Amino acid sequence: MWALFLPLGVQCIGYVASSVPKCTLLSCSEHKDSSEKKHKDKEKTKHKDGSSEKHKDKHKDKDKEKRKEEKFRTTFISFCSPPRIKDEPDDDGFYASPKEDSKPLKRPREDDDTFSWEKRKEWNVVACSNSFLLILQDSKAKKAKSKDKKVPEADKRKKPKKEEEQKWKWWEEERYPEGIKWKFLEHKGPVFAPPYEPLPENVKFYYDGKVMKLSTKAEEVATFFAKMLDHEYTTKEIFRKNFFKDWRKEMTSEEKSTITNLSKCDFTHMSQYFKAQSEARKQMSKEEKQKIKEENERLLKEYGYCVMDNHKERIANFKIEPPGLFRGRGNHPKMGMLKRRIMPEDIIINCSKDSKIPPPPPGHKWKEVRHDNKVTWLVSWTENIQGSIKYIMLNPSSRIKGEKDWQKYETARRLKKCVDKIRNQYREDWKSKEMKVRQRAVALYFIDKLALRAGNEKEEGETADTVGCCSLRVEHIKLHPELDGQEYVVEFDFLGKDSIRYYNKVPVEKRVFKNLQLFMENKQPEDDLFDRLNTSILNKHLQDLMEGLTAKVFRTYNASITLQQQLKELTNPDDNIPAKILSYNRANRAVAILCNHQRAPPKTFEKSMMNLQSKIDAKKEQLADARRELKSAKADAKVRRDEKSKNKVMDQACNIAIFKGSQELPTCKCTFLDPALLCWKLTVQMLCALCGIVTGVLS
DNA sequence: ATCGTGACTTAGGAGGTATCAG
DNA sequence: CTGATACCTCCTAAGTCACGAT
């Protein structure tokens, strides 16, 4: 039944503390193709249809809503220290997975004993991400459509049939032997960034208060900076230093000798010009916008697809990254460096020998053309900031990505079968005589319980200082033998991937606590917590426990199982669709919290808060007025003792009740005002409540 | 064991567009 | 109708993990 939610749940955003978790099943921020959008639209239409139903059951729904909120609140609280995953009855019939998932030559088919599409649809919510969902949803949508009596007969016959023929069911076909990714690959090569267009004469750059005409190369780099002038980046010392250093490399010797101080550079005129341009773009007529859209579509049509083994497949990023200033996340030592323009001479093309090899742009050559069918990429180049390789690969809707994705969830499903054993084992290992084993066991416990990432070592000074489990340092945790009435609490505070802060206070088992004390003995804050452990040791161990098991499988598994449990808990089969969507979003949010998926609050947040605050003030004023009125009405009634004044008292009392009553219905339309949750969100919720915003979460 | 590299997945932010409330 | 907000797509940085050389 969960399949119902899938097309909508692909990206869910909720807010945690001053940030937002974003999640669904783990890998869901990926690009969605147009077909997915169509499904979404379809679903949306459905909701609209269902709204009359909602109206009828308004009161009922509200009660249910409240109950659910309550339930979720309790659930959430337990989530602050993520729940121990309960031992579920192993519904293996439900999880009919291919036996040798690692390298099956053939996928399970509908007619297999152990596998049916009906079953598959159900567990997919746990075991799949976008690309695959799409396909399932597609067939679902079609079924629904064919049932829909409103569809004219002619449409019914023509359209869906055509679509059906076009949909390639790769998952019903045989897989290639291990290592081989394709047999035929043909594509048109990448789309390069448009060449630099020099600024019009009237746009000036000033140095030390005087107009200065820059050489084209220096001007181009200057425009990168000018475009970012409003961004906080440009105020950061490292950014400015890196930028200036790289900019100077692009200058003529004359410019170099003149421009010696970034602070004397005035980019404001340039910046204004770009702002005006972007404003003009917004103000473009419909026709002009349409023209741009058509041009983009043309580009997509020509370069956005490739042929892989007799099928036309969508390419994810067929455009080469344009030059610009590197924007690292967090405190990145290389922020502001110049990301140079990629030329055909930097490009390696990968395709079949017998395919039509894409020609390089006139007057240029490819760096290399290779024919490696053991990899999935079509184009690659080496980027100049970190020296890492960038690739052009296929869209998530492609067979090659879908298969990988499927395999990922199959591995997670296999983990489900042995996770209890593994948990028992690491608990045993907490007592091991070997330090290495103990560390491994505690780290694994964190990865499992808190869904931490593995934490590879990183080159110091090359990237922002972030850590994962294995790379945690002593300074990242605090041990509290007792905290807020709980025993053996570990306080985590570190920057993880993308420099997103992980902050959590978790009660742990005594043995873990004692071990941590031991690991921290005689160490400096900057020393590794797990000094005898790294990701390679950990993954080697996991590999022994289960084929294909690595640290990240725990994240997939725990995210999936959490979603499933939450859906079970929060959803009532009788709920209407909007209510189910709400439950889905909440379940999803629980996963986001578990995985520490966050996003910065929107820039408009401050403003909306101000708006709410002014509403609150107005409301408070009203309440105070009403109270005053009531007081005087009461006094009045005491003296007069007539019906009229008694009624007045009643009226005023009602007014107050209404004002107060609105606090008990803290629902608000915007997603981030979902009343069920979280620190700053709760603040908003309370504000909303005070404002009497009772527009209904789902209307 | 350690290191470097390559291939691939996961993730947040920017910015455009759709939708909704007032 | 308009401005605010929600939603979505694109972009690309930042992870994970395997493998081969030393």
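Throughout, a chain's letter reflects where its sequence line sits, starting with A, and its residues are numbered from 1. On a predicted model such as this, the values are computed, not experimentally measured, just so you know.
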Participant: For nucleotides 14-22 of chain C, give me one character per nucleotide, 5' to 3': B if any protein heavy atom sits under 4.0 Å from the base, S if the only such contacts are to the sugar-phosphate, - if neither.
Facilitator: BSBBS----
Participant: So, does A:D346 use its side chain to make a donor-acceptor pair with the main chain of A:T382 at under 3.5 Å?
Facilitator: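 No, A:D346 side chain to A:T382 backbone: no donor-acceptor pair under 3.5 Å.
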Participant: Please confirm whether the backbone N or O of A:K374 pairs with a side-chain atom of A:D372, one donor and one acceptor, at under 3.5 Å?
Facilitator: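 Side chain of A:D372 to backbone of A:K374: a pair is present.
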Participant: Could you identify which residues of residues 369-377 of chain A place a heavy atom less than 4.0 Å from some atom of DNA chain B, listed by residue number, or say none?
Facilitator: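 The stretch gives A:V375, A:T376, A:W377 as the residues lying under 4.0 Å from the strand, ordered by number.
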Participant: What's the shortest heavy-atom distance between A:I400 and A:K181, and which atoms?
Facilitator: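 Heavy atoms of A:I400 and A:K181 come nearest at CD1-O, 3.5 Å.
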Participant: If the cut-off is 4.0 Å, is A:K339 near the phosphate of C:dA13, judged by side-chain N/O to OP1 or OP2?
Facilitator: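 For C:dA13, OP1 or OP2 has a side-chain N or O of A:K339 closer than 4.0 Å.
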Participant: What's the CG-P distance between A:N296 and B:dG15, to the nearest Å?
Facilitator: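 So the two atoms are 16 Å apart, to the nearest Å.
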Participant: Please state how far atom NZ in A:K319 lies from atom P in C:dT9, giving the value in whole angstrom units.
Facilitator: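 My rounded result for the distance is 15 Å.
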Participant: Would you mind telling me which of B:dC8, B:dT10, B:dT2 lies closest to the side-chain atoms of A:N534?
Facilitator: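 Comparing B:dC8, B:dT10, B:dT2 against the side chain of A:N534, the answer is B:dT2.
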Participant: Which atom names give the shortest non-hydrogen contact between A:K319 and A:L299, and what distance separates them?
Facilitator: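 Smallest interatomic distance, heavy atoms only, reads CE-CD2, 3.9 Å.
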Participant: Whether A:K404 contacts B:dC8 is assessed here as follows: a side-chain N or O lying under 4.0 Å from the phosphate OP1 or OP2. Is that the case?
Facilitator: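 No, because none of the side-chain N or O atoms of A:K404 sits under 4.0 Å from OP1 or OP2 of B:dC8.
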Participant: Rounded to the nearest Å, what distance is computed from the CE atom of residue A:M228 to the C1' atom of nucleotide B:dG15?
Facilitator: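 Distance, rounded to whole Å: 15 Å.
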Participant: Is any side-chain nitrogen or oxygen of A:R501 closer than 4.0 Å to OP1 or OP2 of B:dG12?
Facilitator: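 The answer is no; no side-chain N or O of A:R501 sits under 4.0 Å from OP1 or OP2.
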Participant: At under 4.0 Å between heavy atoms, what does A:K540 touch on the DNA or RNA strands: base, sugar-phosphate, or nothing?
Facilitator: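 It contacts nothing in the nucleic acid.
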Participant: Which label fits A:W170 and A:W406: parallel for a plane angle under 30°, tilted from 30 to 60°, or perpendicular past 60°?
Facilitator: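 The rings of A:W170 and A:W406 sit tilted, inter-plane angle from 30° to 60°.
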Participant: After noting the C-alpha distance and the side-chain angles of A:F318 and A:H187, does the key distance pass the ring pair (Phe, Tyr, Trp, His ring centres under 6.0 Å) rule?
Facilitator: CA-CA 10 Å; A:F318 57 92; A:H187 59 89; over 10 Å; no
Participant: Using whole Å, what does the distance between atom P of nucleotide C:dT2 and atom NZ of A:K282 come to?
Facilitator: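 Between P of C:dT2 and NZ of A:K282: 17 Å.
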Participant: Testing the basics here: between A:L338 and A:N384, what is the closest heavy-atom pair and its distance to 0.1 Å?
Facilitator: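 In this case the closest contact between A:L338 and A:N384 is O-ND2, 2.9 Å.
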Participant: Without decimals, in angstroms, what is the distance between A:K293 NZ and B:dG16 C1'?
Facilitator: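 That distance rounds to 11 Å.
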Participant: So does A:H231 get a side-chain nitrogen or oxygen closer than 4.0 Å to the phosphate oxygens (OP1/OP2) of B:dG13?
Facilitator: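 Answer no for this pair, as no side-chain N or O of A:H231 is under 4.0 Å from OP1 or OP2.
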Participant: Check the distance between B:dT9's C1' and A:I400's CD1 and give it to me in whole angstrom.
Facilitator: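 My rounded result for the distance is 14 Å.
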Participant: How long is the line joining CD1 of A:I537 and P of B:dT2, in whole Å?
Facilitator: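 Answer to the nearest Å: 7 Å.
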Participant: Nearest whole angstrom, please: distance from the P of C:dA13 to the CD of A:E383.
Facilitator: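 One finds 7 Å between P of C:dA13 and CD of A:E383, rounded.
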Participant: Going by ring-ring contact (aromatic ring centres under 6.0 Å, His included), A:F243 matches just one of A:F225, A:F224, A:F326. Which one?
Facilitator: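 In the set A:F225, A:F224, A:F326, the residue that makes a ring-ring contact (aromatic ring centres under 6.0 Å, His included) with A:F243 is A:F225.
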Participant: Is it true that a side-chain atom of A:Y233 and a backbone atom of A:G328 form a donor plus acceptor pair closer than 3.5 Å?
Facilitator: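 It does hold such a pair.
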Participant: Do the side-chain N or O atoms of A:R555 get closer than 4.0 angstrom to the phosphate oxygens (OP1, OP2) of B:dA11?
Facilitator: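 Yes, within the criterion.
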Participant: Looking at residues at least two apart in the chain, or sitting in another chain, which of them share a side-chain contact (heavy atoms from CB on, under 4.5 Å) with A:Q272?
Facilitator: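 side-chain contact (heavy atoms from CB on, under 4.5 Å) list for A:Q272, sorted by chain: A:H269.
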